[in-house]
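Please read these numbers as outputs of a predicted model, since none were measured by experiment. Atoms within each ligand, like the ligands themselves, are counted from 1 in listed order.
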Amino acid sequence: MVKKRWGVYVHIPFCRKKCFYCDFPSYAGREGDREEYTRALCREIRSQGSSYRLRWGDPATIYIGGGTPTSLPPQCMKDILDALSETFPPAKGREFTVECNPGTVDEAYFQILREGAVNRLSFGVQSFDDRLLQAIGRIHTAGEAAAAVRMARKAGFDNLSLDLMYGLPGQTMADLERSVQQALELAPQHLSIYGLQVEEHTVFWDRRERGELNLPDDEEAERMYDYMTSVLPAHGYARYEISNFARPGFASRHNLAYWQDVPYLGLGAAAHSYLDGRRWESEADLSRYMDQAKRGIRPIHPEEEMTDAVAMEEFCFLALRTAAGISRRRFAEKFGQELDRVYEGAIREMVRKGLLADKGDSVYLTELGMKFGNLVFEAFLLT
Ligand code: SF4
C-alpha cells in the first residue's frame with residue numbers, strides 16, 4: 001500500500017426546504033427516500049471506500065456535506081457513521097466535519113455525531129437577523145442558530161465553523177454589523193463568508209427576472225465586503241482563502257486539500273471525485289443513483305481525462321484562492337514545466353496591477369487581488 005494524503009466527501013442531497021438562493025444538488029420534499037438513499041450510500045462507502053483505503057491508507061479528512069446532512073433521521077445518520085467507521089477506522093488527528101442546519105439538530109443528534117467520531121461542525125447560519133433569514137428562505141431563526149452552536153459546544157465539540165452571507169436582499173450595513181457581532185460573540189474557531197450570487201434555477205433568479213429582487217447596490221456590497229475582510233482579521237481570524245477565516249490552527253484541512261490539489265473520493269449522489277488525475281461526478285439524479293447502487297452498478301458518469309492545459313488552469317485557479325497561492329515547486333513537480341515559462345506574461349501583468357504578489361516560491365493574490373480575483377483567474381486561462 002502506498003500511503004497518500006487524501007480525503008473523503010459524502011453528499012446528503014436532502015433539505016427540508018429549498019433556500020431561495022440555493023442551486024446546490026439537494027432536494028426538498030423527498031423525505032420518503034432517505035432510508036433507501038442511506039442504504040445505497042452505505043453500500044458505496046463500503047465498496048468504494050474500502051478499495052481506496054487498501055491502496056492509500058487512512059484518509060486525512062472526512063466531510064459530510066449537502067444538502068442538509070442533519071435533516072437525515074438519527075438512525076440514518078448513525079448507519080452512515082457506522083459504515084464510515086468500519087471502512088475508515090477512526091484515526092488520531094483526522095478531521096471529520098459534518099455540516100449542520102441549526103433548524104435540524106438537538107442534544108441527542110450531537111451525541112450521535114460525537115459517538116461517530118465527528119470532531120468538527122460547520123453551521124449554515126447565514127445571518128443573525130430573523131427578517132433576513134425569512135427573506136432568503138432559511139428554516140431556522142437567529143435564536144435557534146445561537147442555541148445550536150452553544151448546544152454543540154456543550155456536547156463537547158470544540159472546532160466549530162459558521163457560514164455567514166452578505167449582499168442579501170434588503171440587508172443594510174447595520175444588519176451585517178449586528179450579525180457579525182453576534183457571530184463573534186459565539187467565538188467559533190472558523191468563519192466562512194459568502195457574498196450572495198444569484199444563480200439560475202433559484203427563486204431569487206426568477207424574482208430578479210421579474211424585477212422583484214431588492215439587492216444592495218454595488219457600492220453597498222463592496223462596503224460589506226471591505227467590512228467583512230477587515231473586521232474578522234482584527235478579531236484574530238486569519239484569512240486563509242478568499243471566503244474563509246480561521247483562528248490559528250483551525251483552517252479547514254478538508255477544504256484546503258481541495259485547493260491544494262489533494263485527491264478526494266466523493267460518495268453519494270452528485271458527489272465530485274478527483275483521483276489519479278481524473279475528475280468525475282456521481283449520478284446526480286436521486287432515483288437513478290439509488291437504482292444503480294441497488295443493481296451493483298457504480299453510479300458515476302464516465303471519467304474525463306483532463307488535458308495538460310486544463311489541469312494547469314485548474315491547479316492555478318484553486319491554489320490562487322488560498323493565501324499561500326501557487327507554489328512554483330509544486331507546479332513544476334506536477335507538470336514538469338516551470339510556472340514562469342507557462343504564465344510569464346500573466347504573472348508580470350498581474351503583479352504590475354497590484355493584484356498578485358511574487359515572493360520566492362510563491363505567487364499569491366494581494367488583498368486587492370482577493371477582491372478582484374476574477375481578473376486574475378481570467379489572466380490564468382490557457383484554453
Ligand atoms: S440548507 Fe443549504 S443545501 Fe439546503 S437548500 Fe438551503 S442552502 Fe441549499
In plain terms, say whether D358 and R348 are close enough for a salt bridge, that is, a side-chain N and a carboxylate O under 4.0 Å apart. no
**Study point:** Residues E333 and R329 bridged, charged N to O under 4.0 Å
**Key:** yes
Closest non-hydrogen protein atom to [atom], residue and atom name please, with distance?
| atom | result |
| --- | --- |
| atom 7 (S) of ligand 1 | Y21 OH, 3.4 Å |
| atom 2 (Fe) of ligand 1 | R138 NH1, 4.0 Å |
| atom 3 (S) of ligand 1 | G67 N, 3.4 Å |

Is G124 in contact with ligand 1, taking contact as a heavy-atom separation below 4.0 Å?
no
Notebook entry, point to check: Among the heavy atoms of R16, does any lie under 4.0 Å from an atom of ligand 1?
Noted result: no
Provide the number and element of each atom of ligand 1 under 4.0 Å from a heavy atom of [X].
| X | value |
| --- | --- |
| T68 | 1 (S), 4 (Fe) |
| F24 | 3 (S), 8 (Fe) |
| C15 | 1 (S), 3 (S), 4 (Fe), 5 (S) |
| K17 | 5 (S) |

For [X] against [Y], the heavy-atom pair lying closest together:
| X | Y | value |
| --- | --- | --- |
| A152 | F123 | CB-CZ, 3.8 Å |
| A40 | M290 | CB-CA, 4.3 Å |
| P74 | I112 | CB-CD1, 3.5 Å |
| S362 | R328 | O-NH1, 3.9 Å |

*asked:* Looking at atom 8 (Fe) of ligand 1, is there an N, O or S atom belonging to C19 that lies under 2.8 Å away from it?
replied: no
Begin with the C-alpha distance, continue with both residues' side-chain angles, and end with the deciding distance and a verdict on side chain to side chain contact (heavy atoms under 4.5 Å, CB included) for I12 and I80.
CA-CA 10 Å; I12 309 297; I80 292 167; 3.9 Å; yes
Out of S71, C22, P13, S26, the nearest non-hydrogen contact to atom 8 (Fe) of ligand 1 is supplied by C22
Open item on the list: Could you walk me through whether D291 and R295 satisfy the salt bridge (Lys or Arg N to Asp or Glu O under 4.0 Å) test, starting with their C-alpha distance in whole Å, then the side-chain angles of each, then the deciding distance to 0.1 Å, before giving a yes or no?
Closed with: CA-CA 6 Å; D291 180 57; R295 289 189 288 132; 3.0 Å; yes
